[in-house]
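Below is one structure, written out as structure tokens; the observations come after it.
All of these numbers come straight from a predicted model, not from anything done at the bench.
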Amino acid sequence: MRLERGRRASLALTLNFVAFAFALSAVTTSYWCEGTRKVAKPFCTGPPMKVKQWFCIRFNSSNINDSRLVQYIFETGEEKFLLRKFHAGIFFSCEQAADMNGFDCRDFSEIAPEHERGVLWLCIVAESLYLTLLFTGGALMTLEQCSCFSVMNKLKLSAFAAMCTALSGLCGMLAHMMFTTIFQLAVAIGPEDWRPKTWDYSWSYVLAWGSFGTCMGSAVTALNRYTKTIIEFKYKRRNIEKNLMVKQKMIELDLPEQMWDMYLTSVPADAEAPPELLVNGHKPSTGTTTFADFRS
């Protein structure tokens, strides 16, 4: 039984560690959502090149200041537009640069609708509480593994660890839902120079919800271990009280101490049925009483 409790404690601690790693990776990255933006190609600058620059538009003549020359471009229709990749997170939104090399980033608070920026700050606070409570629960579970604490102190640490982990999961769920709502509103009514053409959730978003799932798994495992230990203690206490009641009855009947020792060695510890008392070494009859007539 002790080995089983140790395995449950190790499982809860492992799930907590995985949840914290997933949450920290998700919060510190900006790949919650990614997609593409349709933008007009800029005009090419600098001297003409032998290889055509597909990310910008170049006139037929490099001397664009000469009004006597007719300037025209070869791109038509969709060729005049460019699809730039972008990815966004809680803190930053990054978009491919004009030359398609690298990304230019800006604060996500600048992109979120003005009337939703308060919700964005609540989302950040909830994510911070999520990480803090999750770390606290893991620290308490680690302390519980130390052999320097008594059984009751370990139970208290297990209860507080389960409570902190469960509360952190609720904060994380609220934070993820708030970010989802804010991002969808930014797509619909956000700045014109940011609205994406296509978008979808990315790997950081999956990590965030995976962290929530493992966090709740850790909380349920820790709480289950705590309640199971409490039930075992109550069961043992009930058996001890039952044994003490039987001993008290034996003392009242002035039975010898050897009867009590025989009772302890004969009755199993996990017996649920109340033991039967022996009177003068014999089991009393529970049936009908029979009288014999000796008058003859």
Side-chain angles (χ1 to χ4, degrees), residues 9-37 84-97 101-112 116-117 119-145 161-187 190 194 196 198-223:
S10 300
L11 177 60
L13 182 59
T14 302
L15 290 175
N16 184 282
F17 176 77
V18 173
F20 184 78
F22 282 1
L24 190 62
S25 300
V27 172
T28 55
T29 55
S30 58
Y31 283 88
W32 288 59
C33 302
E34 61 181 353
T36 57
R37 286 190 60 244
R84 291 180 182 173
K85 295 181 180 180
F86 83 97
H87 54 85
I90 294 179
F91 297 102
F92 299 102
S93 177
C94 301
E95 183 181 345
Q96 278 184 316
N101 292 324
F103 286 83
D104 296 329
C105 299
R106 54 178 171 172
D107 291 338
F108 188 75
S109 58
E110 300 177 1
I111 298 169
E116 294 293 335
R117 289 177 183 175
V119 181
L120 177 61
W121 285 111
L122 286 178
C123 173
I124 295 174
V125 171
E127 285 288 353
S128 301
L129 286 175
Y130 176 45
L131 291 173
T132 302
L133 290 173
L134 193 59
F135 179 80
T136 304
L140 292 175
M141 291 179 188
T142 304
L143 288 176
E144 186 188 355
Q145 300 293 325
M163 182 178 63
C164 290
T165 309
L167 288 177
S168 68
L170 293 178
C171 291
M173 180 185 66
L174 291 175
H176 304 342
M177 294 176 64
M178 284 190 287
F179 174 80
T180 304
T181 303
I182 295 169
F183 185 83
Q184 292 178 354
L185 288 174
V187 171
W194 179 86
T198 59
W199 67 276
D200 201 354
Y201 299 109
S202 188
W203 57 270
S204 293
Y205 191 80
V206 176
L207 278 182
W209 282 107
S211 172
F212 166 74
T214 51
C215 169
M216 297 308 295
S218 175
V220 169
T221 304
L223 187 61

Exercise. Just wondering, are more than 12 heavy atoms of other shown residues or ligands nearer than 6.0 Å to CZ in F86?
Worked result: yes

Exercise. Has F103 got more than 12 heavy atoms of other residues, nucleotides or ligands less than 6.0 Å from its CZ?
Worked result: yes

Could you tell me the separation between the [atom1] atom of [X] and the [atom2] atom of [Y], rounded to the nearest 0.5 Å?
X	Y	atom1	atom2	result
D200	T36	CG	OG1	11.0 Å
I90	I124	CD1	CD1	7.0 Å
L185	I111	CG	CD1	14.0 Å
L24	T28	CG	OG1	5.0 Å
L11	M141	CG	CE	9.5 Å

Mind listing the side-chain donor-acceptor pairs of residues 164-182 below 3.5 Å, one per line with the distance, residues two or more places apart or on another chain?
residue : atom : partner : partner atom : Å
T165    : OG1  : A161    : O            : 2.7
S168    : OG   : C164    : O            : 3.4
S168    : OG   : T165    : O            : 2.6
H176    : ND1  : E127    : OE2          : 2.8
H176    : ND1  : G172    : O            : 3.2
H176    : NE2  : G172    : O            : 3.4
H176    : NE2  : A208    : O            : 3.2
T180    : OG1  : H176    : O            : 2.8
T180    : OG1  : Y205    : OH           : 2.8
T181    : OG1  : M177    : O            : 3.1

Could you tell me if the side chain of [Y] sits less than 4.5 Å from the side chain of [X], heavy atoms only?
X	Y	answer
F22	V18	yes
W32	W203	no
V187	P196	yes
T142	Q145	no
L120	S109	yes
E110	W194	no

Seminar exercise, completed: For residues 211-220, the side-chain hydrogen bond (donor to acceptor under 3.5 Å, both in side chains) pairs (sequence neighbours left out) are Y130-S211

Problem set entry | Residue pair S202, C33: steps toward the side-chain contact (heavy atoms from CB on, under 4.5 Å) verdict | CA-CA 5 Å; S202 188; C33 302; 5.9 Å; no

Exercise. Which is it for F91 and D107 under the side-chain contact (heavy atoms from CB on, under 4.5 Å) test, yes or no, and what are the steps along the way?
Worked result: CA-CA 6 Å; F91 297 102; D107 291 338; over 6 Å; no

Exercise. What closest approach, in Å, do A186 and A112 show between heavy atoms, and which atom pair accounts for it?
Worked result: CB-CA, 4.5 Å

Problem set entry | Minimum heavy-atom distance T29-S204, with the two atoms named | OG1-OG, 2.6 Å

For this session: Given side-chain contact (heavy atoms from CB on, under 4.5 Å), test L131 with F20 step by step and report yes or no.
Result: CA-CA 7 Å; L131 291 173; F20 184 78; 4.2 Å; yes

Exercise. Are E95 and K85 ion-paired here, with the side-chain N under 4.0 Å from a carboxylate O?
Worked result: no

Exercise. Can you say whether the rings of H87 and Y31 are parallel (under 30°), tilted (30 to 60°) or perpendicular (over 60°)?
Worked result: parallel

For this session: Compute the ring centroids of W199 and Y201, then answer whether they are less than 6.0 Å apart.
Result: yes

